[in-house]
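Notes for the one structure printed next.
We use all heavy atoms of the structure for the numbers below, so side chains are in, but hydrogens, waters and symmetry mates are not.
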Amino acid sequence: MSGAYEAQSQLIPYHPSYPAQPQQVAGPDCSAMMRLATMGAVVGGSAAAAQQFRRFRAGEQMPNAALAETGKAAVTAGLATLAAGAIASSVAEQGAMRLGLMFLIGSVVVYGIQDRFGGGEVDYE
């Protein structure tokens, strides 16, 4: 039995077919957080743009004010998504708990920004 497990006398060269990957640090990386914030800004800005366009067509909003409101909504949504994603990913990787936590944190951040800087109530008729 020892004959089958004898040590080989020559070295076998090691040539990996892929580069070594750096160790992952716990938590989200910066580029993932920026993608998440950008996605939040796009979605929030799109919803705000649709609402502002409806108000503009009804004669309730001027074009410059509509653009300003859309921009504020996009920035707010991006910041809320960034905060929600960063905190939720430190607690749970995926699933209902993470989504619920993201919803809660995002709502709190949007409320805080609107309360602090105005922007008040949004009418979703």
Side-chain angles (χ1 to χ4, degrees):
M1 183 161 198
S2 64
Y5 294 105
E6 288 182 21
Q8 295 181 357
S9 62
Q10 57 182 328
L11 296 175
I12 299 172
Y14 175 69
H15 299 287
S17 61
Y18 55 89
Q21 299 295 320
Q23 286 288 78
Q24 285 283 350
V25 180
D29 63 350
C30 186
S31 63
M33 289 290 97
M34 289 308 296
R35 286 191 305 270
L36 190 61
T38 302
M39 182 62 68
V42 167
V43 171
S46 298
Q51 179 186 15
Q52 293 301 321
F53 185 68
R54 180 175 288 126
R55 292 184 68 202
F56 172 72
R57 287 196 50 176
E60 300 171 356
Q61 185 71 283
M62 298 300 293
N64 289 341
L67 288 174
E69 290 297 319
T70 300
K72 286 188 335 187
V75 169
T76 299
L79 291 173
T81 307
L82 175 65
I87 294 170
S89 66
S90 67
V91 174
E93 281 300 313
Q94 54 184 313
M97 182 176 167
R98 179 177 173 155
L99 290 175
L101 192 56
M102 285 184 72
F103 183 79
L104 176 68
I105 294 166
S107 299
V108 168
V109 170
V110 169
Y111 176 82
I113 290 173
Q114 288 179 347
D115 189 50
R116 174 80 169 129
F117 298 108
E121 299 298 317
V122 177
D123 184 21
Y124 292 103
E125 289 183 16

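Distance check: Leu82 CG to Met34 CE gives 7.5 Å after rounding to the nearest 0.5 Å. To the nearest 0.5 Å, atom CD of residue Glu69 and atom CE of residue Met62 are 14.0 Å apart.
Across Ala74 and Gly45, no two heavy atoms sit closer than the pair CB-CA, 3.8 Å. The two residues Ile87 and Ser90 make their nearest non-hydrogen contact at O-OG, 2.6 Å. The shortest heavy-atom contact between Ala77 and Gly40 is CB-O, 3.3 Å.
Taking Thr81 as the reference, Leu36 meet the side-chain contact (heavy atoms from CB on, under 4.5 Å) condition, with sequence neighbours excluded.
The hydrophobic cluster around Met39 extends to Val43, counting ILVMFWY residues whose side-chain heavy atoms fall within less than 4.5 Å of a member.
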Using residues 95-109 as the side-chain source, report each donor-acceptor pair under 3.5 Å to any protein atom, sequence neighbours left out, with the distance given to one decimal.
from: Arg98; atom 1: NH1; to: Glu93; atom 2: O; distance (Å): 2.8
from: Ser107; atom 1: OG; to: Phe103; atom 2: O; distance (Å): 2.8

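For residues 56-67, every residue pair satisfying the side chain to side chain donor-acceptor pair (under 3.5 Å) rule, not counting sequence neighbours, is listed here: Gln52-Gln61.
In this structure, Val75 is a member of the same hydrophobic cluster as Phe117, with clusters built from ILVMFWY side-chain heavy atoms closer than 4.5 Å.
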